[in-house]
Amino acid sequence: MNILDERSAYPKPLDFEVMRPEYEEAEDGTVTATITVSPFEVSGSSATEPGARRAAIHEAHKKYKDYHPNYEIPSPFPDEFTDQDGVLWKRLSSMARAIRGDYSFVDTDGEEDYAKIEQMLLWDIRPTVSDQ
């Protein structure tokens, strides 16, 4: 039986994907998207409306896992990709993710750095079209 076929009071993440978000812009320019599947609601923030929507959908997956512990939250990013600024991102192994973050990248100083998916969504990191 597919995990998504399990009965649950909480809606499936796909139910949130098909709903139109409500957007609110903060004073710092950050946008928050709120998606409601009554009586449940998820929110996510990013630098742009599309990024905020992706962040809210990621939150829906995380919340679904609260109700179904065996559910694996999919990454909203490919395992390896180049973003629109030419930065190469690589998903870390599960052991490294527990310590460092979800993805590695080389920062503007040429140093390897790490970021969690939530931070990447906040920054509105997007793969180039060829990497999707």
Side-chain angles (χ1 to χ4, degrees):
M1 178 165 148
N2 185 333
I3 292 174
L4 287 178
D5 292 335
E6 293 180 11
R7 295 186 57 83
S8 173
Y10 189 77
K12 295 176 184 165
L14 180 60
D15 295 337
F16 288 95
E17 290 180 29
V18 299
M19 300 300 287
R20 177 170 288 159
E22 291 183 27
Y23 296 103
E24 186 175 320
E25 188 170 341
E27 288 182 19
D28 66 358
T30 305
V31 178
T32 298
T34 302
I35 304 172
T36 304
V37 176
S38 190
F40 299 96
E41 184 176 277
V42 293
S43 295
S45 297
S46 185
T48 65
E49 285 186 3
R53 180 181 179 278
R54 283 190 296 278
I57 290 169
H58 183 67
E59 290 301 316
H61 284 280
K62 290 169 46 179
K63 190 68 159 171
Y64 191 81
K65 184 171 180 62
D66 289 346
Y67 288 84
H68 300 281
N70 292 330
Y71 178 69
E72 290 215 20
I73 300 170
S75 173
F77 302 101
D79 287 343
E80 185 173 309
F81 67 95
T82 303
D83 70 18
Q84 298 185 345
D85 292 327
V87 175
L88 177 64
W89 294 82
K90 295 180 182 178
R91 189 164 190 201
L92 300 173
S93 69
S94 58
M95 192 162 36
R97 286 194 305 263
I99 299 167
R100 294 192 170 110
D102 298 301
Y103 284 81
S104 67
F105 66 100
V106 176
D107 67 18
T108 55
D109 296 328
E111 299 290 323
E112 184 174 48
D113 203 351
Y114 308 95
K116 292 229 163 251
I117 288 172
E118 291 79 7
Q119 187 67 46
M120 295 168 68
L121 290 165
L122 182 63
W123 292 335
D124 196 24
I125 301 298
R126 294 188 213 182
T128 57
V129 175
S130 63
D131 288 333
Q132 292 180 350

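Think of V31 as one node in a network of Ile, Leu, Val, Met, Phe, Trp and Tyr side chains linked at under 4.5 Å; its network also takes in Y23. The hydrophobic cluster analysis finds M95 isolated: no Ile, Leu, Val, Met, Phe, Trp or Tyr side chain comes under 4.5 Å of it, directly or through other members.
The two residues G51 and S46 make their nearest non-hydrogen contact at C-CB, 3.2 Å. In terms of heavy atoms, G44 sits closest to A55 at CA-CB, 3.7 Å. Of all the heavy atoms in P11 and F40, the pair that sits closest is CD-CD1, 3.3 Å. For the residue pair M120 and F81, the shortest heavy atom distance occurs at CE-CZ, 3.8 Å. Closest non-hydrogen pair, V42 versus A56, comes out as CG2-O, 3.4 Å. Across all their heavy atoms, L92 and G101 have their closest contact at CD1-O, 3.3 Å.
E118 places a side-chain heavy atom less than 4.5 Å from the side chain of K62. Counting only heavy atoms from C-beta outward, the side chains of I125 and F105 never approach each other to under 4.5 Å. Counting heavy atoms from C-beta outward, T34 and E41 have side chains that approach closer than 4.5 Å. Looking at heavy atoms from C-beta onward, P127 lies out of side-chain contact with Q84 at the 4.5 angstrom threshold. In this structure, I57 and P13 have side chains that are not in contact, with every pair of non-hydrogen atoms separated by 4.5 Å or more. The shortest distance between side-chain heavy atoms of H58 and I73 falls below 4.5 Å.
Looking at S75, its side chain does come within 3.5 Å of a backbone N or O of F77 through a donor-acceptor pair. At distances below 3.5 Å, at least one donor-acceptor pair connects side-chain atoms of D28 with backbone N or O atoms of T30.
Sparse packing is recorded around CD of E24, with 12 or fewer heavy atoms of other residues, nucleotides or ligands lying under 6.0 Å away. Few gaps surround NZ on K65; more than 12 heavy atoms of other groups in view lie less than 6.0 Å from it. Within a 6.0 Å radius of CD in E22, other residues, nucleotides and ligands contribute 12 heavy atoms or fewer.
Atom OG1 in T32 sits 9.5 Å away from atom CD in E25 (nearest 0.5 Å). If you take CG on L121 and OG1 on T48, they are separated by 10.0 Å, rounding to the nearest 0.5 Å. F16 contributes atom CZ, which lies 12.5 Å from atom CZ of R53 (distance to the nearest 0.5 angstrom). A distance of 11.5 Å separates CH2 of W123 from CG of D85, quoted to the nearest 0.5 Å.
Residue W89 is tested with D83, T82, V106, D79 for a side chain to side chain contact (heavy atoms under 4.5 Å, CB included); the sole match is D83.
Cluster annotation: Y103 is not connected to L88 through the hydrophobic network of ILVMFWY side chains, with a link wherever side-chain heavy atoms come within less than 4.5 Å.
For residues 92-116, there are no salt bridge (charged side-chain N to carboxylate O under 4.0 Å, His left out) pairs, not counting sequence neighbours.
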side-chain contact (heavy atoms from CB on, under 4.5 Å) between H61 and Y71, worked out: CA-CA 9 Å; H61 284 280; Y71 178 69; 2.5 Å; yes
May I have the step-by-step check of side-chain contact (heavy atoms from CB on, under 4.5 Å) for V37 and M19, ending in yes or no? CA-CA 8 Å; V37 176; M19 300 300 287; 3.8 Å; yes
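A salt bridge is absent between E59 and R54: the closest approach of a Lys/Arg side-chain nitrogen to an acidic carboxylate oxygen does not fall below 4.0 angstrom.
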